[in-house]
2 protein chains.
Amino acid sequence: MRSDALHGQVQPHPLLRKLESIADLSDEERQAILALPMNVRVFEAKSDIVRDADRPSDCALVLDGFVCRYKILPDGRRQIMGFYIPGDIPDLQSLHLQVMDHSVGTLVRSSIATIPHQNLRELMRHHPGLAEIFWRDSLIDAAMFREWMIGMGRRTAFQRTAHLLCELHVRLRAVGLAGADGYELPVTQNELGDALGLSTVHVNRVLQDLRSEGLIVLRGGSLSIPDWEALKITAEFDSAYLHLKALARDVG
Amino acid sequence: MRSDALHGQVQPHPLLRKLESIADLSDEERQAILALPMNVRVFEAKSDIVRDADRPSDCALVLDGFVCRYKILPDGRRQIMGFYIPGDIPDLQSLHLQVMDHSVGTLVRSSIATIPHQNLRELMRHHPGLAEIFWRDSLIDAAMFREWMIGMGRRTAFQRTAHLLCELHVRLRAVGLAGADGYELPVTQNELGDALGLSTVHVNRVLQDLRSEGLIVLRGGSLSIPDWEALKITAEFDSAYLHLKALARDVG
DNA sequence: CGCCCATTTGATCAATGTCAATAGTGGTGG
DNA sequence: CCACCACTATTGACATTGATCAAATGGGCG
């Protein structure tokens with residue numbers, strides 16, 4: 001038994017939380033995770049953690065904050081390809097893809113733990129079960145990319161925006177970082193636009209539409225969702241693609 | 001030495017070709033791959049290999065043909081999320097994600113080898129190097145999703161279409177299935193639209209533009225690219241995201 | 001020959017982008 | 001505590017891309 005199982009209030013390691021949201025861990029595996037060497041470093045808002053074309057020698061675990069994966073096109077336009085929250089390792093792929101094909105950066109001041117590839121490789125060599133779980137995590141990441149593709153290819157700006165808000169809600173809840181009816185969303189409309197493939201101006205209008213339909217209350221980076229079912233329906237949101245372990249009684 | 005190394009003309013196993021395009025294999029690993037049990041089955045054009053919500057117990061290896069990953073939305077619209085060619089295993093993720101969150105189907109009559117999960121797991125248990133390579137493959141898949149997202153979010157229909165044609169060319173060449181200046185593209189304009197997030201009508205117009213600019217010659221499923229550099233430039237195509245092993249002297 | 005499917009064309013419409021200006025808002029130095 | 005600054009949000013007018021609808025053309029095949 002882990003010691004903090006005695007009182008539910010204690011926050012376990014963010015990475016443990018995350019992994020346990022998508023798979024079961026043995027005590028041994030938990031210990032091994034906790035034993036990983038981590039170099040914690042605080043990044044200011046809007047700064048890069050890893051850059052396009054880098055060849056990282058370690059992975060970045062988000063401990064606190066809000067991070068995104070993005071790519072800048074030749075003409076300066078930016079596409080954000082995913083948001084990452086505490087417990088996520090946005091550059092896990094660098095373990096097996098030497099060269100970064102995009103960048104990873106913070107949206108707000110974030111604390112990031114750096115874990116050498118070498119230690120991750122050793123961990124997985126000794127714990128094949130964990131290797132599977134990390135692989136699984138990267139597959140879920142890919143599933144999120146697919147879902148975003150569906151949105152950008154076939155959903156309206158309105159639906160797509162609602163869908164993103166649903167995704168973040170479910171993911172944040174899965175690691176205990178969202179309340180029952182909302183969460184902190186420290187993302188500017190410009191950043192939302194880059195993630196959704198929309199202009200800032202249009203994001204602004206879509207958000208107003210979502211507000212006026214009573215689907216969201218968004219004010220100063222704080223989002224609340226008065227009627228989850230309604231939002232879910234307009235977004236055509238089905239959390240199956242997140243492949244979370246326990247969705248039964250939860251949102252989703 | 002593998003026996004067919006004696007004469008370069010012999011086509012090795014499609015899966016070997018594919019894996020060797022993204023990583024180095026030892027002779028032992030090659031043998032192990034060749035020893036995989038495969039159940040070959042021919043699928044007619046436009047038929048499903050695996051369906052959304054299925055729980056597959058094996059993976060599908062494309063031996064011949066042209067396959068795609070897609071999802072149908074509630075209102076019937078379709079988004080194609082990737083094209084798969086001989087050597088690809090489009091549902092590799094089913095190894096670690098129990099439930100399919102989309103479908104995989106053929107575009108043309110294709111022969112598909114079915115490999116039980118169990119055998120793949122055993123293979124990887126005995127050959128951890130192969131596990132890494134398969135993981136790497138799934139990460140490259142994810143990189144392609146990201147690139148498509150960039151296209152749908154931030155590129156015009158024109159650029160995006162050109163980009164897709166570039167991607168397919170490089171991927172087909174990497175496994176020896178494309179000539180120096182073109183390849184067979186057995187995909188209807190409707191299917192292209194579903195992949196690019198465009199209407200069929202618009203795809204038609206974009207293709208005409210590409211033709212009239214002399215960037216492509218497309219006729220009856222046969223694509224030729226008169227000036228690769230020109231197409232690459234208009235598409236802003238950089239093959240880095242495909243993480244192929246040898247791009248040096250090749251297209252890319 | 002006739003049919004089915006894919007391609008092509010034209011006309012019009014709707015969603016979203018772009019440009020430019022105006023308001024908030026929070027943080028900072030004085 | 002206040003004025004100022006930089007960034008973010010909001011609004012309006014207009015431009016553009018790409019969707020939609022409808023119809024015609026073309027090709028392959030039983």
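The figures that follow rest on heavy atoms only: side chains count, while hydrogens, waters and symmetry mates do not. Letters A, B, ... are given to chains in the order of the sequence lines, protein chains preceding strands, and every chain is numbered from 1.
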For [X], report the nucleic acid contact type (base, sugar-phosphate, nothing); a contact means any heavy atom under 4.0 Å.
X      : value
A/T188 : sugar-phosphate
A/G193 : nothing
B/L207 : nothing
B/G221 : nothing
B/T200 : nothing
B/R160 : nothing

So if I take every side-chain heavy atom of [X] and compare against [options], which nucleotide ends up nearest?
X      : options                : value
B/H202 : C/dT16, D/dG12, D/dG18 : D/dG18
B/S199 : D/dA19, C/dT16, D/dT10 : D/dA19
A/V201 : C/dG17, C/dT16, D/dT11 : D/dT11

May I have the distance from [X] (atom [atom1]) to [N] (atom [atom2]), rounded to whole angstrom?
X      : N      : atom1 : atom2 : value
B/Q189 : D/dT25 : CD    : P     : 18 Å
B/N190 : C/dT7  : CG    : P     : 8 Å
A/R211 : D/dA9  : CZ    : P     : 9 Å
A/L192 : D/dT8  : CG    : C1'   : 12 Å
B/R77  : D/dG18 : CZ    : C1'   : 15 Å
A/D209 : D/dT10 : CG    : P     : 12 Å
B/L198 : D/dG18 : CG    : P     : 7 Å
A/L196 : C/dG17 : CG    : P     : 10 Å

Please name the pair of heavy atoms, one in B/S94 and one in B/M100, separated by the smallest distance, quoted to 0.1 Å. CB-SD, 4.4 Å

Looking at every heavy atom in both B/R171 and B/F83, which two are closest together, and how far apart are they?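 Shortest heavy-atom separation between B/R171 and B/F83 comes out as NH2-O, 2.7 Å.
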
So, is [X] near the phosphate of [N], with a side-chain N or O under 4.0 Å from OP1 or OP2?
X      : N      : value
A/Q208 : D/dT11 : yes
B/R154 : C/dT16 : no
B/K46  : C/dC5  : no
A/N204 : D/dT10 : yes

Need to verify one output field. Residue with the more 5' nearest nucleotide on DNA chain C, B/V187 or B/R205?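 Result: B/V187.
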
If the threshold is 4.0 Å, N to carboxylate O, is there a salt bridge linking B/D91 and B/R69?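 Salt bridge: no.
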
Check B/E191 with B/K46, please: is the shortest side-chain N to carboxylate O separation under 4.0 Å?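 Between B/E191 and B/K46 there is a salt bridge, with a charged N closer than 4.0 Å to a carboxylate O.
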
Pair A/W148 + A/H163: ring centers closer than 6.0 Å: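 Centroid separation for A/W148 and A/H163: 6.0 Å or greater.
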
Counting the benzene-type ring for Trp, do A/H102 and A/Y70 have ring centres under 6.0 Å apart? no

